[in-house]
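Have a look at the structure below, then the notes.
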Amino acid sequence: MTLESEFSPDSDRIMSVSLGPQHPGAGHFRVRLWLDGDYVVRSEPDAGYVHRGEEKMGEYRNYIQNVPHLERPVILDSSNILFPYATGVDELMNSKVPARGQYLRVIMSEINRIISHMYFIAIQGYFQGHTTMIAWGMGDRDLWIDLAERIAGARVTFAYIIPGGVRNDIPEFAIEKGLKTCDWFDKRMDEYEKIYFENPMVHQRSDHIGVLSREDAIAYGATGTVARASGLKVDVRKDEPYSAYPDLEFETPVMTQGDAWARTYVALLDMREAVKIIRQALKKLPSGPVRLKLGPQPRVPAGEVYSRTEAARGEMSYHIISDGSPRPYRLKIGVPSAKNLRVLPHLLRDVHVADIPVIYWGLNYWPVESDR
Amino acid sequence: MVVAQQQKTGAFQVLVGKIDDVLQYAIGDPMRYLANWGRLYSLWPVHLETACCSVEVGAAAGARFDMERFGTLEAFGSLRACDLIIVMGTVTRKLAPRLKLVYDQMAEPKWVIAMGACSITGGLYFDSYNVLRGIDDIIPVDVYVPGCPPRAEAFLQGLVLLQEKIRKAPSLSGR
Ligand code: SF4
C-alpha cells in the first residue's frame with residue numbers, strides 16, 4: 001500500500017496491528033494502528049461491530065413499542081437517549097407534558113448522567129492503573145443505580161421517559177433517599193479529587209496526552225465532555241433550554257487544557273452540577289399528574305421534527321418524520337459517540353502505544369451507541 | 001484348544017477391565033476431581049464484549065458484587081490463557097466470524113456462557129437485519145443466562161452454575 005511510504009522513509013519500520021475487537025482495552029470496537037516502534041503514526045477506527053439496525057427497526061414498531069429498543073444502544077445512559085425521542089414525539093403530537101412529569105424527566109436524566117460518568121471515570125482509572133478508582137467508582141455507581149431502581153424499577157434499562165411524560169410517579173421515600181444520596185455523593189466526590197484527580201501518578205499518565213485544541217474541537221464537531229474539556233462551551237441544556245431546565249440553576253463546566261486528564265475532570269464537574277440539579281428538582285417537585293393519557297397505539301400527526309437534548313456524552317438528537325400513521329416514517333438518531341469518534345484518528349498520532357487506552361476511553365466513546 | 005485360548009484371553013480381558021475400573025476409581029476419579037476442581041475456581045474470561053450486556057458484567061466485577069470471589073477476573077490479557085468466553089449480548093453479522101475465530105483460538109478445555117436474551121435468541125433484535133438469532137449456530141453454549149440485561153446477581157448465578165457443571169464433568173478433559 002502507499003500508506004507505508006507515505007509515513008516513513010524506510011517502510012520496513014512500519015508495522016500494522018489491530019487493536020480489538022478482542023482486547024481488554026477495546027470492547028466491541030477495533031482500531032487499526034500503524035506503528036513505528038513505540039509510536040503510533042496512523043490509526044483508523046473500524047466501528048460497526050454492534051450495528052443492530054435501530055433506525056430501521058424504529059420504522060416497523062409504533063411510537064410506544066419503540067421505547068424499549070431505543071434505550072438499548074446506550075444502556076448506561078438509557079434515560080438520556082429516550083429524552084430527545086420523547087420530546088420529539090411530544091412536539092409532533094402537540095402535547096403538553098405535566099410539570100411533575102417534566103421534573104421527573106430531568107431528575108432521571110441527571111441520575112443517568114451520574115451513572116454514566118461514574119462508569120467512565122472508573123474505567124479510565126482502571127486504564128491508568130489506578131485500581132482504587134474502579135473499585136470505588138463501580139461500587140458508588142451502584143448506589144445511584146439503587147436510587148434509579150427505586151424510582152423506575154429496573155437496574156439499567158428503565159424505559160422511564162416515554163412520550164407524554166414519565167412512566168410512573170416517584171415514590172415518597174425515594175425523594176428522601178435521593179436527597180440523602182446527593183449529600184453523601186458530594187462528600188464522596190471530594191474524596192475522588194484527593195485520591196484520583198490530584199494523584200501525581202494519574203497526572204503523569206494523562207497530562208498533555210491526546211491534546212485536542214479548541215479549533216480542532218470545532219473542526220471535528222466534538223461534543224459533550226470532549227468539547228467542554230477543550231474550552232468549548234456547548235451544552236444543550238443552556239443553549240436551547242428544554243423541559244424543566246430553565247427553572248433550575250446550574251453551570252456548564254469548561255476546561256481549557258483539552259488533554260485526557262481534563263476530559264476526565266470535566267466529567268467530575270458535570271457530576272457536581274448534576275447533583276445540584278437533582279437536589280433542586282427533588283425539593284421543587286410540583287404536584288400533579290406525571291403523564292398524559294395516550295392510547296397503546298397513538299396516532300401522530302404528519303410532520304417532521306428535530307429534537308435534541310444533552311446526554312452524558314454530549315448532544316443527543318433525533319430526527320423523526322411522521323406520515324400520520326402509528327409508526328414513524330423515518331427515525332434518525334444522532335448520537336454523541338459518533339460525533340466524537342471523528343476525533344480519535346486525529347488524537348492517535350505520534351503517541352506512545354501505552355497511551356492508547358487513556359486517549360480512547362478519554363473520549364467517553366461507547367461503541368454500541370455509535371453503531372446503533 | 002482354540003476355545004480354551006479364547007476363554008483365557010477372555011478372562012485376561014475381564015481382569016484388565018477390572019484393574020482398569022479399580023484404577024479409574026482409585027486414581028482416575030481423584031485425578032478428574034482434582035483437575036476439574038483446579039479449573040473451576042480460576043475461570044478466566046476472554047474480554048470480547050459484544051454488546052450492552054457488558055455493562056452488567058462490569059457491575060458484577062465492581063465492588064458490590066465482586067465476581068473475583070468466584071475466581072473470575074473481568075478483563076484478562078491473552079486469549080490463549082483463557083478458558084471462558086462470556087458472550088455479552090447481541091452478535092451481529094460483522095462480529096460473528098470474529099467470535100468464532102476467538103473461540104477456535106482458545107485452548108481446551110473451554111466453556112461458553114451466553115448472557116442476555118440477544119445471545120440466546122436474538123432478544124429484542126430478533127427482527128433486525130444485522131443480528132444473529134442466538135449464538136448456538138456458531139459456538140456450543142454451556143450456560144444460558146436470560147434477561148435483558150440479566151442483573152449482576154443473575155450473571156453470578158450463571159457463573160456458579162457453570163462451576164457446578166465443571167465439578168460434575170464426567171471426564172478428565174473437563175467436558
Ligand atoms: S440482551 Fe438486552 S441488554 Fe443484553 S445485549 Fe441484548 S439488548 Fe442489550
Side-chain angles (χ1 to χ4, degrees), chain A residues 18 20-30 46-57 60-61 65 68-78 115-116 118-119 122-123 126-127 132 134-143 145-146 149 154-157 366-369 371-372, chain B residues 45-66 68 73-79 82 85 88-99 101-103 105-106 116 118 122-132 147-154:
Chain A
S18 97
Q22 187 273 317
H23 189 275
H28 25 45
F29 181 60
R30 184 172 87 118
D46 174 17
Y49 285 96
V50 211
H51 174 67
R52 299 186 285 200
E54 299 278 349
E55 291 174 2
K56 190 70 198 164
M57 278 172 67
Y60 40 81
R61 281 163 168 69
Q65 284 174 330
H69 82 86
L70 280 181
E71 68 176 355
R72 256 61 182 185
V74 51
I75 204 167
L76 359 122
D77 197 12
S78 50
I115 291 173
S116 172
M118 284 308 291
Y119 191 86
I123 306 252
Y126 188 55
F127 281 166
T132 310
I134 188 167
W136 283 15
M138 284 295 186
D140 295 349
R141 181 177 165 265
D142 254 283
L143 283 146
I145 289 183
D146 261 5
E149 197 179 353
R155 253 180 73 85
V156 277
T157 45
W366 184 242
V368 195
E369 179 189 56
D371 296 347
R372 282 155 285 176
Chain B
V46 178
H47 193 81
L48 179 74
E49 298 181 340
T50 56
C52 29
C53 278
S54 55
V55 172
E56 282 302 83
V57 177
R64 186 186 222 176
F65 300 104
D66 191 12
E68 268 186 64
L73 302 172
E74 199 218 350
F76 184 71
S78 167
L79 58 84
C82 294
I85 177 163
M88 311 173 194
T90 329
V91 176
T92 58
R93 274 162 204 267
K94 184 167 178 180
L95 192 72
R98 271 84 173 179
L99 177 67
L101 190 69
V102 166
Y103 181 79
Q105 283 178 351
M106 286 160 64
C118 281
L124 214 52
Y125 296 93
F126 70 97
D127 55 355
S128 167
Y129 54 83
N130 201 27
V131 170
L132 258 61
C148 183
R151 295 175 65 97
E153 296 98 319

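Remember, it's a predicted structure, so these values are computed and weren't measured experimentally. Reminder, nothing fancy here: chain letters follow the sequence lines and each chain counts from 1.
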* Asked: Could you go step by step and tell me if E54(A) and Y125(B) meet the side-chain contact (heavy atoms from CB on, under 4.5 Å) rule?
  -> CA-CA 9 Å; E54(A) 299 278 349; Y125(B) 296 93; 2.5 Å; yes
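- Interface remark: Q65(A) contributes no atoms to any contact with chain B (heavy atom separation under 4.5 Å).
- Only the side chain of V131(B) has a heavy atom closer than 4.5 Å to any heavy atom of chain A.
- When each of V156(A), L76(A), D142(A), V368(A) is checked for heavy-atom pairs under 4.5 Å with chain B, D142(A) comes out on top.
- Not counting sequence neighbours, D77(A) has no partner by the salt bridge (Lys or Arg N to Asp or Glu O under 4.0 Å) test.
- Residue contact with chain B, scored on non-hydrogen atoms closer than 4.5 Å, is absent for W136(A).
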Working note: L124(B) + M57(A), criterion side-chain contact (heavy atoms from CB on, under 4.5 Å); need CA distance, chi angles, decisive distance, verdict. CA-CA 10 Å; L124(B) 214 52; M57(A) 278 172 67; 5.6 Å; no
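- With a threshold of 4.5 angstrom between heavy atoms, C148(B) approaches chain A through its backbone and through its side chain.
- By the side-chain hydrogen bond (donor to acceptor under 3.5 Å, both in side chains) test, Y129(B) pairs with H51(A), sequence neighbours left out.
- Looking only at atom types and distance, the side chain of S128(B) has no donor-acceptor partner in the side chain of R52(A) under 3.5 Å away.
- When the candidates A96(B), G89(B), A63(B), C118(B) are compared by the number of heavy-atom contacts under 4.5 Å with chain A, A63(B) comes out ahead.
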